[in-house]
Amino acid sequence: MADYLSVSDAERAAMLGLIGVSSVSELYSDLPKELRRKKFALSEGRSQQETYAALAELAGRNATYRSVFRGAGSYVHYIPSAVKSLTSREEFLTAYTPYQPEISQGILQATFEFQTMMCNLTGMDVATASHYSGATAAAEACVMCADKSKKVVTFSNVNPDTAETMRTYLGARGIELEVLPAYEGTADLAGAEGYGAVYVESPNYYGIVEDVAAIAAAAKAKGGKVIVGCNPLALALFKAPGELGADVVVGDAQPFGLPVSFGGPYLGYMAAKKEFMRKLPGRIVGETTDADGRRAFVLTLQTREQHIRREKATSNICSNQAHCALTAAVYLSLAGPRGLKEIAVKCASNAHYLAKGLAHAGAKLFYEKEFFHEFVTITPGKASALAAALERKGILGGLPIDKHRTLWCCTELNGKADMDEVIRIAEETL
Amino acid sequence: MKTVFEKSVKGRTGVQPSALDVERYDYASSLLRDAVVLPELSEAEVAAHYTALSKRTFGVDDGFYPLGSCTMKYNPKLHEEIAALPGFRDAHPLARADKMQGSLAVIDTLSAYLAGITGMDAVTLQPAAGAHGEFTAMLMVKKYHLSRGDKARTKVLIPDSAHGTNPASAAMAGFEVVTVRSGADGCVDLADLSLKAGEDTAALMLTNPNTLGKFEKKVTDIARIVHDAGALMYYDGANLNAIMGVVRPGDMGFDLVHLNLHKTFSAPHGGGGPGSGPVCCKAALAAYLPDPQVMRTEKGFRFRRSDWSAGRVGAFYGNFGVYVKALAYIVSLGGKGLRAAAETAVLNANYLREKISYFYPVGEGRCMHEFVLSMRKLRDETGVTAADVAKALIDRGIHPPTMYFPLIVEDALMFEPTETVNKETLDRTAEALKEIIDLAYTRPEELHSAPHTTPVRRPDEAAAARNPVVKG
């Protein structure tokens with residue numbers, strides 16, 4: 001049995017002696033007797049070797065795929081070895097939230113640098129240290145922006161998990177979420193009234209690049225705040241939402257060096273225009289000087305937070321996804337502006353190659369719109385039949401989103417040969 | 001130290017993506033942006049930068065970390081290796097459930113263990129952190145009352161000793177917060193509770209042992225008062241480390257529990273996350289757990305949804321990578337090991353407290369896994385504050401305890417040694433504290449200016465908030 005304790009029997013006896021009790025159970029004398037009498041089963045532990053074997057057996061029950069063409073909020077990218085190696089240093093991995101700045105300058109500076117990277121990518125003035133996922137970042141941004149209007153508008157083409165999470169968070173505060181239909185795959189605000197904020201994704205759930213500027217202008221004309229959800233990898237190519245009229249940008253930065261890991265931990269991010277600085281939910285690191293005039297980093301604007309403001313805080317968030325933010329910062333530091341752009345171009349080029357090939361094979365592009373690295377096809381036969389045919393060959397195909405439609409994703413990991421194989425299997429199946 | 005941007009040299013890069021083997025796709029220039037400003041560095045330079053930053057960070061392996069309420073126990077290395085197994089690491093969350101039976105088995109097995117440890121019937125692992133678990137539980141409380149047609153329960157009772165996340169979570173779930181007073185012993189004042197519990201009460205949020213490190217002796221009476229009022233009992237699992245394997249919240253009368261896998265169950269805290277905040281509940285509340293749930297069928301595990309669910313609280317299924325670590329921990333220790341961990345955590349806290357009592361007042365009675373010192377006496381007599389003491393501990397290789405919390409203790413310092421620290425470290429910590437307190441009476445200025453061994457000293461937090469510089 002592995003127990004990770006550091007106390008010998010002799011030391012235990014000496015410690016009990018000093019405290020002045022004969023056994024540890026005396027230290028529990030405040031617990032009511034009827035509770036302590038209650039019996040329940042306590043299992044035996046296992047050695048590290050047995051534990052590893054038991055968990056490895058579970059890991060082995062999951063299918064592994066030669067190539068993956070599924071995204072929909074979880075993206076398989078190449079992760080440089082330096083990312084895992086550097087972020088695995090125990091100082092980063094095991095530290096708590098940096099409440100003591102003198103011995104936390106490393107994690108504070110790394111977070112400050114992450115915030116800067118996200119501001120640069122999104123074209124915003126301030127970014128938070130992280131949120132649980134893109135879904136909760138979107139939900140908290142909506143709560144922040146809803147104001148007194150008690151209504152937020154979004155579209156049927158946003159990530160469904162995100163929409164559901166928004167509904168949960170908004171509903172709890174008595175704020176309505178109106179979901180407008182996206183008939184042509186893109187957002188259309190026409191007819192919406194009386195909302196405090198609009199949430200639009202670009203690229204949206206179908207991979208389509210939205211006309212964010214038009215949506216933002218329409219929303220602003222009615223006094224609504226504009227929240228844009230973005231896969232941040234797309235921002236290596238496309239105009240920053242900040243240039244297009246966004247007030248707040250949110251999303252999940254999982255593509256920046258985090259494995260898919262069955263859906264988490266991922267990296268919610270939130271960036272905003274300056275006027276939201278004191279309304280934002282979550283931790284923010286700021287720069288200041290120390291008692292000797294040296295540059296130093298600290299957690300800042302803490303009067304927004306739960307440990308100071310309690311029920312009047314802008315959010316309840318305490319632990320966030322700090323280590324994931326560090327991971328993204330290391331990834332972005334390695335990739336740099338050119339590397340990140342090349343990766344994004346490769347994702348987009350692969351997706352367009354596959355889309356063209358699938359169209360020839362009989363899986364037509366469903367929305368004829370400009371897209372990034374995801375797209376939707378429609379097939380005469382069942383979408384699930386094609387997915388099953390690919391599955392048999394060890395390929396995780398696109399995600400069937402209804403009977404005949406499939407949502408595909410390509411990343412830089414997909415080679416031409418892999419895509420040609422998918423196209424061939426599609427030809428055979430359809 | 002320069003920032004990663006200040007080190008940037010135009011033209012450098014740390015990765016060379018492999019070449020395109022299909023035709024390059026070009027977008028209309030109207031869609032495209034100008035170049036993004038990101039650091040330009042070689043891999044060697046990036047490695048040097050982050051290694052230098054790591055050396056300016058204090059982890060659990062760097063020294064004693066008695067940060068109260070945070071349970072900074074040792075994080076076993078084995079768990080990192082297991083979480084990185086390709087079968088877990090590369091599992092796509094939207095692959096078919098029948099192809100991901102290993103991941104679903106992890107969720108199901110861990111849920112079953114947590115139900116057993118807490119004395120509850122049903123579990124969700126979806127919340128990504130403790131506060132997220134609190135929020136989720138409060139959403140369930142709301143659904144529960146509404147499903148019974150009981151619309152008047154708009155208030156949540158919270159003791160004045162509670163963590164700030166409790167009132168913040170209740171407010172996010174749309175409740176009004178009513179504060180319950182603590183008595184002179186630091187425990188819930190039953191008279192005040194009886195006065196405030198009523199037909200408008202949805203739940204009581206209680207941490208037990210509480211934030212003073214005291215077990216709420218009258219917890220079954222508290223539960224009776226709350227239940228008699230028609231409200232629910234919510235257990236904040238922040239301090240479960242004191243009692244796991246010894247007593248169960250479900251037996252104390254609690255209806256819902258949140259746990260912190262990153263504290264109690266050894267997953268590392270990562271400098272502020274990712275955590276994981278599962279919610280466990282009694283059968284009567286199971287229908288309100290967030291979507292989706294994992295269920296066991298004859299053909300294996302699958303996901304299901306509930307018509308009464310409190311909704312979805314995040315993307316996919318939560319911080320799966322953290323579950324793997326917590327499961328490895330529970331499998332390794334077993335119920336007996338968990339109990340030994342709790343008992344040793346309580347032993348270590350009482351030992352350190354006893355040693356401190358030789359030279360500074362520690363209060364009456366004994367403590368559970370943590371204890372709170374009031375530095376008020378020291379401040380009155382010497383002018384040395386709790387913060388001064390904390391910063392002086394840094395110079396002695398010790399991470400400071402939690403400062404100025406709980407709010408009901410003046411000048412509080414909250415120590416939580418955990419079970420993994422050794423006696424020698426506890427002895428050395430008591431000696432360091434004695435030396436600091438002695439110094440307060442002789443050369444207090446040395447403490448006012450501490451720490452003296454760190455790259456920065458007492459950053460100006462007020463200035464940082466007044467004129468925020470939040471990007472480089």
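Side chains are part of it too, since the values below use all heavy atoms of this structure and drop only hydrogens, waters and symmetry mates. Just so we're on the same page: letters track the sequence lines, and every chain starts at 1.
The neighbour count for A:E243 CD, taken as heavy atoms of other residues, nucleotides or ligands under 6.0 Å away, is above 12. No more than 12 heavy atoms of other residues, nucleotides or ligands shown are found within 6.0 angstrom of CD on B:E43. The environment of NZ in A:K239 is crowded: more than 12 heavy-atom neighbours from other residues, nucleotides or ligands sit within 6.0 Å. In A:R12, the CZ atom is crowded: over 12 heavy atoms of neighbouring residues, nucleotides or ligands sit closer than 6.0 Å.
With respect to chain A, the highest number of heavy-atom pairs below 4.5 Å among B:G472, B:G174, B:G337 belongs to B:G472. In terms of heavy-atom pairs under 4.5 angstrom with chain A, the leader among B:M403, B:R339, B:H399, B:E134 is B:H399. Interface remark: of the candidates B:L41, B:V313, B:T109, B:T220, B:V313 forms the most heavy-atom pairs closer than 4.5 Å to chain A. Interface remark: of the candidates B:A310, B:P167, B:G334, B:P167 forms the most heavy-atom pairs closer than 4.5 Å to chain A. For the options B:R89, B:M172, B:Q16, heavy-atom pairs under 4.5 Å to chain A are most numerous at B:M172. Among A:P80, A:A54, A:P101, the residue with the largest count of heavy-atom pairs under 4.5 Å with chain B is A:P101. Options B:E343, B:Q101, B:E40 differ in how many heavy-atom pairs under 4.5 Å they form with chain A, and the most are formed by B:E343.
For B:Y351, the parts sitting under 4.5 Å from any heavy atom of chain A are the backbone and the side chain alike. At a 4.5 Å heavy-atom cutoff, the contact between A:S104 and chain B is made by backbone atoms alone. Proximity to chain B is limited to the side chain of A:R338, based on heavy atoms less than 4.5 angstrom apart. Looking at B:K391, only its side chain comes within 4.5 Å of chain A, counting heavy atoms on both sides. Heavy atoms of A:V126 lying under 4.5 Å from chain B belong to its backbone as well as its side chain. Residue B:Y74 touches chain A through its side chain alone, counting heavy-atom pairs closer than 4.5 Å. Heavy atoms closer than 4.5 Å to chain A are found in both the backbone and the side chain of B:L333. For B:L32, the parts lying near chain A are the backbone and the side chain together; criterion is any non-hydrogen pair under 4.5 Å. With a threshold of 4.5 angstrom between heavy atoms, A:S261 approaches chain B through its backbone and through its side chain. The part of A:K84 that comes within reach of chain B is its side chain, from C-beta onward, which places non-hydrogen atoms under 4.5 angstrom from that chain. Looking at B:K142, only its side chain comes within 4.5 Å of chain A, counting heavy atoms on both sides. For a residue to count as touching a neighbouring chain, one of its non-hydrogen atoms must lie under 4.5 Å from one of that chain's; by this rule A:L396 touches chain B with the side chain only. Heavy atoms closer than 4.5 Å to chain A are found in the side chain of B:M368, but not in its backbone. Both the backbone and the side chain of B:L94 come within contact range of chain A, each with at least one heavy atom under 4.5 Å from a heavy atom of that chain. In this structure, the portion of A:V298 lying under 4.5 Å from any heavy atom of chain B is its side chain and not its backbone. Only the backbone of B:V421 comes within contact range of chain A, with at least one heavy atom under 4.5 Å from a heavy atom of that chain. Heavy atoms closer than 4.5 Å to chain A are found in both the backbone and the side chain of B:M252. Residue contact with chain A, scored on non-hydrogen atoms closer than 4.5 Å, involves the backbone and the side chain of B:N348 alike. In this structure, the portion of A:L86 lying under 4.5 Å from any heavy atom of chain B is its side chain and not its backbone. With a 4.5 angstrom heavy-atom cutoff, A:S85 does not touch chain B via any of its atoms. Contacts of B:D460 with chain A are made by both backbone and side-chain atoms, with heavy-atom separations under 4.5 Å. For A:L55, the parts lying near chain B are the backbone and the side chain together; criterion is any non-hydrogen pair under 4.5 Å.
Going from atom CD1 of A:I103 over to atom CG of B:D62 covers 9.0 Å, rounded to the nearest 0.5 Å.
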Determine whether A:R283 and A:E305 satisfy the following criterion, salt bridge (charged side-chain N to carboxylate O under 4.0 Å, His left out), listing intermediate values before the conclusion.
CA-CA 8 Å; A:R283 309 250 188 236; A:E305 293 192 58; 2.7 Å; yes
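Checked by atom type and distance alone, the side chain of B:R366 never pairs as donor or acceptor with a backbone atom of B:N350 at under 3.5 Å. Put simply, the side chain of B:H92 never gets that close to the backbone of A:V260: no donor and acceptor are under 3.5 Å apart. Between the side chain of A:K346 and the main chain of A:K341, no donor-acceptor pair closer than 3.5 Å is present.
Inter-residue side-chain proximity for B:F88 and B:V106 is flagged as met; some heavy-atom pair is nearer than 4.5 Å. Counting heavy atoms from C-beta on, the side chains of A:T87 and A:H323 come closer than 4.5 Å. The closest side-chain heavy-atom distance from A:L332 to A:E113 is not below 4.5 Å.
Ring orientation note: the planes of B:Y27 and A:F238 are nearly perpendicular, at an angle over 60° on the 30°/60° scale. Ring geometry for B:H269 versus B:H262: interplanar angle of 30 to 60°, hence tilted.
Between A:H307 and B:F405, a ring centre-to-centre spacing not shorter than 6.0 Å is recorded. Between A:Y169 and B:F135, the ring center distance clears the sub-6.0 Å criterion.
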